[in-house]
Amino acid sequence: MSIVDIKSSTEQKMQQSLDSFKQALTKIRTGRANPGLLDSVQVDYYGAMVPISQVANVSLLDARTISVSPWEKGMSAKIEKAIRDSDLGLNPAAQGDLIRVPMPAMTEERRKELTKVVRGEGEHAKVAIRNLRRDANDGVKKLVKDKLASEDDERRAHDDVQKSTDRFIADVDKLVAAKEQDIMAV
């Protein structure tokens, strides 16, 4: 493995950490309706657990209501039960073939609690990125020790990895700030 391989692999892994963090943020409810909120909910479809998006059309009715339109008539009750049983704290209501999922208003206390959760998730993402930096630096040091790279190459590689780390951590900070602003908005 060369320094270039180490740097590109580290960049890819840092991007995956950032993508994972973005995915975790979509699961944190802000009070506004978001169809992505139901992505983690699984429904029993003829013995197999599948995401709601594979058995129904999930869309927005308005800023505070998600609509779920099952593709099969018999799925309504199962989808409604799956949403109610999920840990999202949502209470769906069936209206004929359409399932309405209203977003409950959030209290100030709950908003503050959620900002702490967002900061915690952000910190986990930063730790993952820093661990990737450490692994990359260790890989470069091993190449130098094995005489496959010079000490100048090592310094340049450490600088490049640090720049990538700083960039990804700044992205995490931006996402945390945006999500906190979204949560605290009335």
Side-chain angles (χ1 to χ4, degrees), residues 12-129 131-132 167-186:
Q12 288 174 343
K13 290 176 183 174
M14 286 181 179
Q15 185 61 50
Q16 289 172 347
S17 293
L18 186 65
D19 293 342
S20 173
F21 174 61
K22 287 178 185 175
Q23 187 65 34
L25 283 183
T26 62
K27 293 180 178 127
I28 297 175
R29 197 164 48 102
T30 61
R32 286 195 191 100
N34 178 358
L37 192 63
L38 298 178
D39 286 348
S40 62
V41 179
Q42 301 277 314
V43 180
D44 179 24
Y45 184 68
Y46 297 108
M49 297 305 282
V50 297
I52 284 182
S53 60
Q54 291 185 8
V55 294
N57 186 25
V58 180
S59 60
L60 293 179
L61 283 179
D62 57 51
R64 299 189 61 84
T65 311
I66 299 173
S67 72
V68 181
S69 305
W71 295 327
E72 294 180 24
K73 288 187 184 265
M75 290 301 296
S76 289
K78 289 180 181 179
I79 292 172
E80 191 176 351
K81 182 180 182 329
I83 294 170
R84 190 169 283 119
D85 292 347
S86 71
D87 61 351
L88 298 173
L90 300 173
N91 192 16
Q95 292 180 331
D97 289 342
L98 181 72
I99 300 170
R100 295 171 58 100
V101 185
M103 301 303 295
M106 292 191 0
T107 64
E108 189 66 26
E109 183 179 315
R110 179 72 177 137
R111 289 176 194 271
K112 288 179 181 172
E113 205 175 290
L114 284 176
T115 59
K116 288 179 185 173
V117 170
V118 168
R119 286 187 194 127
E121 288 289 333
E123 207 48 51
H124 289 303
K126 288 180 192 178
V127 166
I129 290 168
N131 286 342
L132 291 169
R167 190 177 74 243
F168 280 102
I169 286 181
D171 289 347
V172 168
D173 287 337
K174 286 178 198 168
L175 289 169
V176 167
K179 190 67 172 186
E180 283 181 352
Q181 187 175 11
D182 198 23
I183 290 170
M184 296 309 279
V186 178

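On a predicted model such as this, the values are computed, not experimentally measured, just so you know.
Gln15 pairs by the side chain to side chain donor-acceptor pair (under 3.5 Å) definition with Asp19, not counting sequence neighbours. The side chain to side chain donor-acceptor pair (under 3.5 Å) test applied to Glu121 returns no partner, not counting sequence neighbours. Taking the side-chain contact (heavy atoms from CB on, under 4.5 Å) definition, one finds that Gln12 meets it with nothing, sequence neighbours left out. Under the side chain to side chain donor-acceptor pair (under 3.5 Å) criterion, Asp97 pairs with no residue, sequence neighbours left out. Residues that satisfy the salt bridge (Lys or Arg N to Asp or Glu O under 4.0 Å) test with Arg119, not counting sequence neighbours, are Glu180. Remark: Lys126 pairs with Asp173 by the side chain to side chain donor-acceptor pair (under 3.5 Å) rule, at least two apart or across chains.
Using a 4.5 Å heavy-atom cutoff, the side chains of Leu98 and Val68 are not in contact. The shortest distance between side-chain heavy atoms of Val172 and Phe168 does not fall below 4.5 Å.
The CE atom of Met14 sits 6.5 Å away from the CD1 atom of Ile129 when rounded to the nearest 0.5 Å. Atom CG in Asp171 sits 5.5 Å away from atom CG in Leu18 (nearest 0.5 Å). Distance OG/Ser20 to CG/Leu25: 9.5 Å, rounded to 0.5 Å. Between the CG atom of Leu37 and the CG atom of Leu90 there is a distance of 5.5 Å, given to the nearest 0.5 Å.
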_side-chain contact (heavy atoms from CB on, under 4.5 Å) assessment of Glu108 paired with Glu113_ = CA-CA 9 Å; Glu108 189 66 26; Glu113 205 175 290; over 6 Å; no
Side-chain polar contacts of residues 53-62 - donor-acceptor pairs under 3.5 angstrom, sequence neighbours left out - could you list them?
residue: Ser59; atom: OG; partner: Ser67; partner atom: OG; Å: 2.9
residue: Asp62; atom: OD1; partner: Arg64; partner atom: N; Å: 2.8
residue: Asp62; atom: OD1; partner: Thr65; partner atom: N; Å: 3.0
residue: Asp62; atom: OD1; partner: Thr65; partner atom: OG1; Å: 3.1
residue: Asp62; atom: OD2; partner: Thr65; partner atom: OG1; Å: 3.4

Anything under 3.5 Å between a donor and an acceptor, one on a side chain of residues 72-84, the other on a protein residue two or more places apart or in another chain? List them.
residue: Glu72; atom: OE1; partner: Tyr46; partner atom: OH; Å: 3.0
residue: Glu72; atom: OE2; partner: Tyr45; partner atom: OH; Å: 2.6
residue: Glu80; atom: OE2; partner: Arg84; partner atom: NH2; Å: 3.4
residue: Lys81; atom: NZ; partner: Asp85; partner atom: OD2; Å: 2.6
residue: Arg84; atom: NE; partner: Asn91; partner atom: OD1; Å: 3.3
residue: Arg84; atom: NH2; partner: Asn91; partner atom: OD1; Å: 3.3
residue: Arg84; atom: NH2; partner: Pro92; partner atom: O; Å: 2.8

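A donor-acceptor pair under 3.5 Å is absent between the side-chain atoms of Lys179 and the main chain of Val118, judged by distance alone.
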